[in-house]
Amino acid sequence: MLPEAIELQIVTPERHVLQETVQTVEIPGKEGYLGILPGHAPLITELGVGILAYRKGSESRYVTIIHGFAEVLPDRVIVLAEISERAEEIDTARTKAAHDRAQAELAKAGVGSDEWERQKLALERALVRMQAMGKAGGSGDAHG
């Protein structure tokens with residue numbers, strides 16, 4: 001018999017981001033998004049930069065993912081991400097400032113240099129945070 005739910009765990013080197021029982025999960029794989037339903041075939045996939053979406057009851061929730069790996073089992077998805085935040089944790093003002101700063105620094109840095117690579121990642125991270133805030137529809141300022 002197929003499981004009816006998925007246990008979703010998201011972990012970074014710094015903290016345990018999330019542990020929820022959910023109905024569906026969409027993960028940002030390196031090659032594109034993967035939709036996961038209960039009973040999915042086991043797999044391990046490399047993650048890219050994007051938004052993990054999951055459905056709990058009638059509610060959709062969003063989490064940023066910056067690189068890492070996911071292990072998918074029929075009744076469980078374990079995400080080991082380099083960086084991850086729940087949409088409601090994101091600070092709007094800080095994210096916009098980081099985005100503008102990274103854009104300015106990227107324009108100054110030589111393409112392909114270490115600084116360029118660093119700023120490119122900072123910009124990607126700011127963009128994915130802005131996307132998550134947009135999807136969640138919140139101002140993200142609740143936590144200062």
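FYI, side chains are in, hydrogens and waters are out, and symmetry mates aren't considered; it's all heavy atoms of this structure.
Residue pairs that meet the salt bridge (charged side-chain N to carboxylate O under 4.0 Å, His left out) test with at least one member in residues 59-78, sequence neighbours left out, are Glu20-Arg61, Glu59-Arg61. Pairs engaging residues 2-14 under the salt bridge (charged side-chain N to carboxylate O under 4.0 Å, His left out) rule: none recorded [sequence neighbours left out].
Atom-to-atom distance recorded for Glu46:CD and Lys30:NZ is 4.5 Å, nearest 0.5 angstrom. One finds the CG atom of Leu52 at 6.0 Å from the CG atom of Leu8 (value rounded to the nearest 0.5 Å). Interatomic distance, OH of Tyr62 versus CD1 of Ile90, reported as 12.5 Å (0.5 Å rounding). Rounding to the nearest 0.5 angstrom, the gap separating the CD1 atom in Ile27 from the OH atom in Tyr33 is 10.5 Å. One distance of note links NZ of Lys108 with OG of Ser113; it measures 12.5 Å at 0.5 Å rounding. To the nearest 0.5 Å, atoms CD1 (Ile10) and CD1 (Ile78) are separated by 11.5 Å.
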Pair Leu18-Val63, side chain to side chain contact (heavy atoms under 4.5 Å, CB included): steps then yes or no: CA-CA 9 Å; Leu18 184 77; Val63 181; 4.3 Å; yes
Candidate pair Ile51 and Lys135, rule side chain to side chain contact (heavy atoms under 4.5 Å, CB included), full reasoning: CA-CA 10 Å; Ile51 295 169; Lys135 283 179 178 284; 4.0 Å; yes
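Note on Ile66: it does not cluster hydrophobically with Leu47, by side-chain heavy-atom contacts below 4.5 Å among ILVMFWY residues. Taking hydrophobic clusters as Ile, Leu, Val, Met, Phe, Trp and Tyr residues chained together by side-chain heavy-atom distances below 4.5 Å, Val49 does not share a cluster with Phe69.
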Determine all donor-acceptor pairs shorter than 3.5 Å in which one atom belongs to a side chain in residues 122-131; sequence neighbours excluded.
{"from": "Arg129", "atom 1": "NE", "to": "Glu85", "atom 2": "OE1", "distance (Å)": "2.7"}
{"from": "Arg129", "atom 1": "NH2", "to": "Glu85", "atom 2": "OE1", "distance (Å)": "3.0"}
{"from": "Arg129", "atom 1": "NH2", "to": "Glu85", "atom 2": "OE2", "distance (Å)": "2.8"}

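At least one donor-acceptor pair closer than 3.5 Å links the side chain of Lys56 to the backbone N or O of Thr21. Of the possible polar contacts, none joining the Gln119 side chain to the Trp116 backbone as a donor-acceptor pair under 3.5 Å is found.
The side chain to side chain contact (heavy atoms under 4.5 Å, CB included) test with His40 singles out one residue from Val25, Ile6, Val72, and that residue is Val72.
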